[in-house]
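All remarks here apply to the structure that follows.
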Amino acid sequence: QSGEVAANPEQYDESYLCPVQVGQTTLNLDFDTGSADLWVFSTLTPKSESTGHSLYNPSTGTKKSGYTWDISYGDGSGASGTVYADKVVVGGVTATSQAVEAATSVSSQFEQDTDNDGLLGLAFSSINTVEPQAQKTFFDSVKGSLAKPLFTADLKKGAAGTYDFGYIDSSKYTGSISYVNVNTANGFWEFTASGYAVGSGSVSGSVGDAIADTGTTLMYLPTTVVQAYYNKVDSADYDSNQGGYTYDCSENLPNFLISLGGKTFTVSGTDINFAPVDSSGETCFGGIQENTGIGMSILGDIFLKSVFVVFDQTQSTPRLGFAAQ
Ligand SMILES: O[C@H](COCc1ccccc1F)CN1CCCC1
């Protein structure tokens, strides 16, 4: 089997939500290559936390007795609950007995984002949080039945993009795809990014260890790289109240160039201009921020919306393919 599903951006491209059939209900889920749990708002979620969300009704599933899950994300958000086996359909691709993690508690960030009915993890199943036994991601459940064991991400700025499962649609990218091998030891699509440049010119230095993470909004890079970037933005400075670099929204940002698998990709300055910090629209928060305390760099949506990415398990070593959109 193979299939395609729309990835619809929230305001400021904060996250991208995809329609997924879970049991007999269609939910809008955040496809997250940075985690490996498929969890959903459900009729078991307290009403005080689930108002405004579409809900999974576990009555259509088979309860996995004694199984629980509890996940915490890098930004401090989290959720927990119980586990069911049920049918999950993404763009026509069907997992007949997918582990569906029904939330019995969610953090305020999820409670407040009423566009988001849950997450569909696409990292490696080794980091799934279900106890007493880790469960397969949707991709791992269907991988063997896909035309090719891969999926692609084609996210866009302020417009619907797509995730494809089982095939590479060559109309979605230009030029060639350059591949890097993935280190799965931490359960992420983790690889080594090479040189970078600010504005234009030839790349140098090294961004280093990084993950491709569709569930993270921004790009988090080494301090040296981030300082080099904002040194080229006259009005920029680090604002500890906002927790990152801000600048005058009227200032044009430079492009950011990064070398992956021997090919240089350009993230346009307009894509790096993330969002105003408040309703006055005077000061803006940058899409490139420091990776301090994270332990690796994160190439999140700010980066991903300018490339076509192949999450490829066709070989014994998983790999990531990057091409210009
Ligand atoms: O929690 C992730 C973002 O994690 C990356 C990250 C960002 C900032 C500081 C530390 C970090 F690790 C985003 N959520 C994952 C699921 C929903 C959004």
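Positions are given from 1, in the same order as the sequence printed here. This structure is a prediction, so every number in the text was calculated from the model and none was measured.
- Within a 6.0 Å sphere centred on NZ of K172, other residues, nucleotides and ligands contribute more than 12 heavy atoms.
- Aromatic pair F191/F322: ring centres closer than 6.0 Å.
- Side-chain rings of F139 and F151 approach one another, their centers coming within less than 6.0 Å.
- Taking the six-membered ring where the residue is Trp, F311 and W189 present perpendicular rings, their angle passing 60° and hence far from 30°.
- Looking at E251 and K232, no side-chain N of the basic residue comes within less than 4.0 Å of a carboxylate O on the acidic one, giving no salt bridge.
- Side-chain contact between E290 and Y220 is absent, with no heavy-atom pair separated by less than 4.5 Å.
- For K157, the NZ atom is densely surrounded, since the number of other residues' heavy atoms within 6.0 Å is greater than 12.
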Q. Would Y247 and N273 count as a side-chain contact (heavy atoms from CB on, under 4.5 Å) if you check the C-alpha gap in whole Å, the side-chain angles of each, and the deciding distance to 0.1 Å?
A. CA-CA 9 Å; Y247 53 91; N273 179 32; 2.5 Å; yes
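- By the 4.5 Å heavy-atom criterion applied to side chains, L304 and D154 are not counted as neighbours.
- Residue K87 qualifies as open at atom NZ: its count of foreign heavy atoms under 6.0 Å is 12 or below.
- Under a cut-off of 6.0 angstrom, the local environment of CD in Q24 is sparse, with at most 12 non-hydrogen atoms contributed by other residues, nucleotides or ligands.
- Remark: of the listed residues F110, F138, Y56, F110 is the sole one forming a ring-ring contact (aromatic ring centres under 6.0 Å, His included) with W39.
- Relative ring orientation between F256 and Y229 is described as perpendicular, the plane-to-plane angle rising above 60° on a 0-90° scale split at 30° and 60°.
- For CG of D237, the number of neighbouring non-hydrogen atoms (other residues, nucleotides, ligands) closer than 6.0 Å is greater than 12.
- Note that OG of S178 is 10.5 Å distant from CZ of R319, once rounded to the nearest 0.5 Å.
- Relative to the ring axis of Y84, K63 places its NZ or CZ within 45° and under 6.0 Å from the centre.
- Aromatic ring pairs are classed by plane angle as parallel below 30°, tilted from 30° to 60° and perpendicular above 60°; the pair H53 and F41 is parallel.
- Judged purely by distance below 3.5 Å, without hydrogens or angles, the side chains of S280 and D278 pair a donor atom with an acceptor atom.
- Side-chain atoms of T266 and N255 include no donor-acceptor pair closer than 3.5 Å.
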